[in-house]
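Numbering starts at 1 and runs along the sequence shown.
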Amino acid sequence: MMELDGSQSTALVEVNREERNYHPLFSSPDAEVVLAAKNDFVAKASVYFRLHSHNLKTASGFFREMFLLPQNSQLDDGVFYLEEDASTLELLFRMISGLPIPQIDSYDTIDPLLDAIEKYDTPGPLSVVRLLVMTPPLLGQPFRLYAIACRFGWDTEAQYASTQTLSYDLYDKEIRKYLSRLSSAALLRLFDLHRLRREGLRQRLNDPPFVSGGLATCNNCNAVIDYHTWRELKYKIILEMDVRPLGDTILEQGLSGWPEALSCWQAKCVQTGCSRALYDKVETLRVIRECIETLPRSITT
């Protein structure tokens, strides 16, 4: 086997450096810090980034501390090898460097980016992501927004997301995968909100001006009347609040089309010659709407 002399060895190192796959936005030879993304298992190669140390130290607490440490043989080739993939690092370095940010429309992109932001202690990019998650289409995934907002202590965003979850059933199996990402405290606050709305409406429906749902006397003929239709409608309303605590389906379709509701609006005193309507539909709808609108709409912080 032929041995290489010193000049040949150096030349090979230089060729290897020239062959590095630098990201086109981060390839300036004036930038003195070289960082490598995790290998792309398809291309079987790393993407390299050149950045100015000043930018890294200014934007990142992690790199600021790192550059205070003595640099020795741990960096034989002068490269910092990072654990994140190239697409995640590109977004982070764009934010650090003040470059345009492409549209981000998936939490599958946001989640690893936030992991990197947290790991490298970069508050600037974190503030950018905080703005991004409040834009479409990311707003359409309230459970993922809620998880991120609770993780980073964003109270306004957490309250907004909690309100959007009122359209969902927390016991739905499709929702479980999102709930599993929450801390115990965040999960309990969400369950409390949903429960408070259901129980709050249940209590209001048992209070005046609503009838009790038991036996009573007709105001017109003094005959005994049974408000069982109201009991059945109340039960249906509470079941619906359990499935969709927002309450919009109760007001928009339920009280107009449910069999239990129709039975209520058609109920009359059974005494011959009386036939008084037992319930005032218009007034009942108005009061139920008022009750739902006064229920808590977001978690407390």
Side-chain angles (χ1 to χ4, degrees), residues 20-43 45-69 71 75 78-161 178 181-183 186:
R20 287 174 183 165
N21 177 28
Y22 284 103
H23 190 286
L25 292 176
F26 302 95
S27 58
S28 171
D30 295 334
E32 69 274 26
V33 181
V34 178
L35 306 106
K38 180 175 64 177
N39 280 352
D40 183 334
F41 290 106
V42 177
S46 290
V47 176
Y48 292 82
F49 299 83
R50 282 188 174 274
L51 280 85
H52 294 280
S53 61
H54 174 75
N55 288 352
L56 288 170
K57 289 188 289 186
T58 300
S60 166
F62 175 90
F63 286 107
R64 188 160 53 249
E65 292 294 325
M66 187 186 70
F67 285 125
L68 294 176
L69 301 174
Q71 306 302 318
L75 295 173
V79 177
F80 293 98
Y81 291 92
L82 307 181
E83 297 178 347
E84 292 73 27
D85 59 41
S87 59
T88 298
L89 290 177
E90 178 193 340
L91 286 173
L92 178 61
F93 294 155
R94 278 174 176 263
M95 294 177 182
I96 286 176
S97 304
L99 295 175
I101 303 168
Q103 181 178 0
I104 300 176
D105 56 10
S106 170
Y107 279 98
D108 292 337
T109 302
I110 290 289
D111 286 341
L113 175 59
L114 282 172
D115 289 340
I117 285 173
E118 190 172 34
K119 174 181 176 181
Y120 297 116
D121 186 15
T122 53
L126 184 61
S127 67
V128 173
V129 173
R130 184 173 186 177
L131 295 175
L132 287 175
V133 296
M134 295 300 288
T135 61
L138 298 176
L139 281 176
Q141 300 183 59
F143 289 99
R144 299 188 75 169
L145 171 58
Y146 180 73
I148 288 173
C150 290
R151 172 183 172 185
F152 291 98
W154 300 341
D155 290 342
T156 301
E157 291 81 358
Q159 288 181 319
Y160 176 88
Y178 302 118
R181 302 179 182 183
L182 299 174
S183 67

Problem set entry | Nearest-0.5 Å distance, OG of residue S127 to CD1 of residue I117 | 8.5 Å

Exercise. Counting N and O atoms only, with roles assigned by atom type, does the side chain of S60 sit under 3.5 Å from a partner on the main chain of Y120, one being a donor and the other an acceptor?
Worked result: yes

Exercise. If only atom types and distance count, is the side chain of T122 paired as donor or acceptor with the main-chain N or O of P125 below 3.5 Å?
Worked result: no

For this session: Would you list the pairs meeting ring pair (Phe, Tyr, Trp, His ring centres under 6.0 Å) in which at least one residue belongs to residues 95-115, sequence neighbours left out?
Result: none

For this session: Indicate the atoms forming the closest heavy-atom contact of S87 with D85, along with that distance.
Result: OG-OD1, 3.0 Å

Seminar exercise, completed: Taken to the nearest 0.5 Å, the spacing of I101 CD1 from E90 CD works out to 11.0 Å

Exercise. Stepwise, does the side chain to side chain contact (heavy atoms under 4.5 Å, CB included) test hold for T88 with L92?
Worked result: CA-CA 6 Å; T88 298; L92 178 61; 5.7 Å; no

Problem set entry | side chain to side chain contact (heavy atoms under 4.5 Å, CB included) between R151 and L114, intermediate numbers included | CA-CA 10 Å; R151 172 183 172 185; L114 282 172; 4.3 Å; yes

Problem set entry | Min side-chain heavy-atom separation V79-R20 under 4.5 Å | yes

Problem set entry | From CA spacing to verdict: side chain to side chain contact (heavy atoms under 4.5 Å, CB included), F26, L99 | CA-CA 11 Å; F26 302 95; L99 295 175; 3.7 Å; yes

Problem set entry | Pair R181-F143, side chain to side chain contact (heavy atoms under 4.5 Å, CB included): steps then yes or no | CA-CA 9 Å; R181 302 179 182 183; F143 289 99; over 6 Å; no

For this session: Can you see which heavy atom on A31 is nearest to which on R50, and at what distance?
Result: O-NH1, 3.0 Å

Problem set entry | Donor-acceptor contact below 3.5 Å, side chain T58 vs main chain N55 | no

Exercise. So how far is it from H52 NE2 to I96 CD1, rounded to the nearest 0.5 Å?
Worked result: 13.0 Å

Seminar exercise, completed: Residues pairing under side-chain hydrogen bond (donor to acceptor under 3.5 Å, both in side chains) where one sits in residues 130-149, two or more places apart or in two chains, turn out to be D108-R144, D111-R144, R130-E157

Exercise. Does some side-chain heavy atom of W154 sit less than 4.5 Å from a side-chain heavy atom of M134?
Worked result: no

For this session: State, yes or no, whether a side-chain contact exists between L139 and L145 at a heavy-atom distance under 4.5 Å.
Result: yes

For this session: Flag yes if more than 12 heavy atoms outside E32 fall under 6.0 Å of its CD atom; otherwise flag no.
Result: yes

Exercise. Quick one: CG on L51 to OG on S28, what's the gap to the nearest 0.5 Å?
Worked result: 10.0 Å

For this session: For residues F67 and L56, determine if any side-chain heavy atom of one lies less than 4.5 Å from a side-chain heavy atom of the other.
Result: yes

Exercise. Nearest heavy-atom pair of L182 and A186: which atoms, and what distance?
Worked result: CB-CB, 4.3 Å

Problem set entry | Any L35 side-chain heavy atom under 4.5 Å of F63 side chain | yes

For this session: Can you see which heavy atom on A37 is nearest to which on S46, and at what distance?
Result: O-OG, 3.2 Å

For this session: Report yes if the side chains of M95 and L113 come closer than 4.5 Å at any heavy-atom pair, otherwise no.
Result: yes

For this session: Could you tell me the separation between the CD1 atom of I104 and the CD1 atom of I110, rounded to the nearest 0.5 Å?
Result: 4.5 Å

Exercise. Which pair of non-hydrogen atoms, one from P142 and one from A161, has the smallest distance, and what is that distance?
Worked result: O-CB, 3.5 Å

Exercise. Backbone N or O of L25 within a donor-acceptor pair of the H23 side chain at under 3.5 Å?
Worked result: yes

Exercise. OG/S53 to CZ/R64 distance, rounded to the nearest 0.5 angstrom?
Worked result: 12.5 Å

